[in-house]
Amino acid sequence: MSYPIIARDFRNHTLENTHQGVICIVNEDKETIYEKGDMEKSFFYRSAMKPLQAIPVFMSNVIEKYHLTAEETALFMASQRGEKYHEETLISLREKLDVDEKDLVCASSYPLNEKPKLEYVRANKSKRRLLHNCAGKHLGFLGYTKGKGLGIAGYEQLDHPLQQEIVHYLSEMSEVPVVEIVSGTDGCGVPVHAVPMKNMALSYLKFAVPELINDEKLRNAVVHIGEVMNAHPNIIASHDFVCSVLLKDSNIIAKGGAQGVYCLALRKEKISIALKVLSGTELIWPLLIAEILKKIDYRNEETISNLLQLRSENIVNDDGKMVGETKVYL
């Protein structure tokens, strides 16, 4: 299938990049109110799955048992970027859970953000697993398996009880039968799953409209996850990143994933948006999401403005001079 063009980059009025994609918006009645591209093709959530992967932890007693703060708990859904406030919170979380850093299956990493990475390198500090972009999620997994007496070994395997529980809740949230969920391995070493774009949007719709969830315990966990993400937006990504900008708006629950996937849902409007930029780029996310919010007449102009501060339609060179533009096609 030929996918529709959702954006083009022009440098000096000359086409430089073309971005194809898929976009789906659903309402509280689970109706598709806007679509672009193939709604039946399955795409991997990548890190946009983290709020869903956190559900078993939030349905357990891990948070209460280990006296975790909301900031520490936010790491379970985070794609943290190694700022000092991330590192300090990760260390505190690991110590409270009393798990060994070597048991995390994610690779050893430097901080992702440039400033803390340079500080690490200049101080001759080694890479560490605790600084991996997904370390918070892995600590949540280890805390859960430890608390349940499931055993840490193999927690990254699809047949592990924790991973099977995640698949179960993903099925509940996305309304895709377990046997139809496509599974793979994420960059951090644990299972990641793919569903059609409409179902991806449905899974996030329930974070904004939790009354669609019949199971009270599951509903309470989903509400709690959203509250924690909104309360600590910089933990979820870091300052001046799309997720954090959107989560500062208490009306929005949002999380991005690698290779161009982004999901967000609006509580007052009771709608959910899922998108995939097929080029895999994240560079056009702020502009693309801002244009989508404009299209639906989103009233919080500050949120749209903050997105455009991250990336407007203008393409600039290293010296800040405008050298081109990005055009979005919705």
Side-chain angles (χ1 to χ4, degrees), residues 22-36 39-60 63 73-74 76-77 164-182 192-231 236 243 246-247 249-257 261-276 289 292-293 295-300 303:
V22 183
I23 303 171
C24 181
I25 306 178
V26 296
N27 65 16
E28 61 180 311
D29 295 319
K30 305 180 184 179
E31 300 168 333
T32 302
I33 57 175
Y34 177 86
E35 64 180 81
K36 199 173 183 76
M39 296 295 103
E40 301 304 316
K41 173 75 170 66
S42 290
F43 294 100
F44 286 104
Y45 280 85
R46 301 302 300 272
S47 282
M49 235 191 89
K50 285 177 177 172
L52 298 156
Q53 289 169 309
I55 289 174
V57 181
F58 277 77
M59 292 187 70
S60 73
I63 296 169
T73 304
F76 299 150
M77 291 77 71
Q164 286 298 300
E165 194 169 343
I166 289 170
V167 173
H168 167 75
Y169 289 124
L170 172 60
S171 176
E172 289 286 312
M173 295 288 284
S174 68
E175 302 185 10
V176 177
V178 169
V179 294
E180 295 179 18
I181 292 174
V182 179
V192 66
H193 310 290
V195 299
M197 194 57 61
K198 178 175 181 179
N199 299 89
M200 195 177 287
L202 285 176
S203 68
Y204 267 72
L205 177 66
K206 292 168 185 175
F207 283 96
V209 193
E211 54 266 32
L212 293 173
I213 303 172
N214 292 325
D215 184 318
E216 183 180 4
K217 190 174 180 181
L218 174 57
R219 183 169 62 250
N220 292 338
V222 166
V223 169
H224 192 183
I225 289 169
E227 290 172 345
V228 169
M229 292 176 73
N230 286 122
I236 301 301
C243 289
L246 288 170
L247 288 167
D249 184 336
S250 62
N251 187 47
I252 295 178
I253 179 78
K255 185 70 182 71
V261 173
Y262 209 92
C263 300
L264 65 151
L266 283 61
R267 294 182 172 95
K268 292 178 183 176
E269 293 77 7
K270 297 185 177 182
I271 64 170
S272 178
I273 304 160
L275 63 90
K276 163 80 172 176
I289 295 168
I292 292 172
L293 292 177
K295 186 177 182 65
I296 63 173
D297 296 320
Y298 189 55
R299 294 184 179 182
N300 193 334
T303 295

Student check: side-chain heavy atoms of Asn300 and Asn251 closer than 4.5 Å: no
When rounded to the nearest 0.5 Å, the distance separating CG of Asn214 from CD of Glu172 is 8.5 Å
Using modelled atom types only, decide if a donor and an acceptor are shared between the side chain of Arg267 and the backbone of Ser250 within a distance under 3.5 Å.
yes
In short, Met229 meets Ile236 closest at the heavy-atom pair CG-CD1, 3.9 Å
Hits for salt bridge (Lys or Arg N to Asp or Glu O under 4.0 Å) against Glu35, two or more places apart or cross-chain, chain-then-number order -> none
*asked:* Keeping Asn230 on the side-chain end and Ile252 on the backbone end, is there a donor-acceptor pair under 3.5 Å?
replied: yes
Of all heavy-atom pairs linking Ala54 and Met77, the shortest is CB-SD, 3.7 Å
Counting distance only, does the side-chain N/O of Tyr204 pair as donor-acceptor with the main-chain N or O of Ala48 below 3.5 Å? yes
Between Asn27 and Tyr34, is there a side-chain donor-acceptor contact under 3.5 Å, judged purely by atom types and distance? no
Compare all side-chain heavy atoms of Ile292 with those of Leu275 and state whether any distance is below 4.5 angstrom. yes
Using side chain to side chain contact (heavy atoms under 4.5 Å, CB included), reason through Val182 and Val195 one step at a time and then give a plain yes or no. CA-CA 7 Å; Val182 179; Val195 299; over 6 Å; no
Rounded to the nearest 0.5 angstrom, the CD-OH distance for Gln164 and Tyr169 is 13.0 Å
- Message: Tell me whether Lys198 contacts the main-chain N or O of Lys30 through its side chain, where contact means a donor paired with an acceptor under 3.5 Å.
- Response: yes
For Ser272 and Leu205, the nearest pair of non-hydrogen atoms, with its separation, is OG-N, 3.4 Å
Is any side-chain heavy atom of Pro196 less than 4.5 Å from a side-chain heavy atom of Val176? yes
Between Ile253 and Gly226 the two heavy atoms that sit nearest each other are CD1-CA, 3.6 Å
*Determine, stepwise, if the pair Val26 / Ile33 fulfils side chain to side chain contact (heavy atoms under 4.5 Å, CB included).*
CA-CA 6 Å; Val26 296; Ile33 57 175; over 6 Å; no
- Side chains of Lys270 and Glu211 in contact at under 4.5 Å (non-hydrogen atoms): yes
Given Phe58 and Val228, is the side chain to side chain contact (heavy atoms under 4.5 Å, CB included) satisfied, shown in steps? CA-CA 11 Å; Phe58 277 77; Val228 169; 4.2 Å; yes
Interatomic distance, CD1@Ile181 vs OG@Ser171, rounded to 0.5 Å, equals 5.0 Å
### Task
Could you go through the salt bridge (charged side-chain N to carboxylate O under 4.0 Å, His left out) check for Lys206 and Glu175 one step at a time?
CA-CA 11 Å; Lys206 292 168 185 175; Glu175 302 185 10; 2.9 Å; yes
Q. Any cation-pi pair here, Lys41 with Phe43, using under 6.0 Å and within 45°?
A. yes
Query - Heavy-atom side-chain contact between Val22 and Met39 under 4.5 Å - result: yes
Check your understanding: So, the side chain of Asp29 versus the backbone of Glu31: is there a donor-acceptor pair under 3.5 Å, distance only?
Key -> no
Given side chains that start at C-beta, do those of Ile271 and Glu28 come closer than 4.5 Å, heavy atoms only?
no
Examine the side chains of Ser174 and Asn199 and answer whether a donor and an acceptor come within less than 3.5 Å of each other. no
For Phe76 and Val57 the tightest heavy-atom approach is CE1-CG1, 3.6 Å
* Any donor-acceptor pair under 3.5 Å from Lys36 side chain to Cys24 backbone -> no
Separation between CD1 (Ile273) and CD1 (Ile296), nearest 0.5 Å, reads 4.5 Å
Checklist line | Heavy-atom check, side chain of Ile55 versus side chain of Met173, under 4.5 Å | finding: yes
*Verdict with reasoning, Val223 to Glu227, per side chain to side chain contact (heavy atoms under 4.5 Å, CB included)*: CA-CA 6 Å; Val223 169; Glu227 290 172 345; 3.5 Å; yes
message: Would you say that more than 12 heavy atoms from the other residues, nucleotides or ligands in this model lie under 6.0 Å from the CD of Glu216, or not?
response: no
Output for pair (Leu52 CG, Met200 CE), nearest 0.5 Å, gives 9.5 Å
The reported gap from CD1 in Ile23 to NZ in Lys276 (rounded to nearest 0.5 angstrom) is 13.0 Å
Can you confirm whether Met49 sits close enough to Phe44 that some side-chain heavy atom of one is under 4.5 Å from a side-chain heavy atom of the other? no
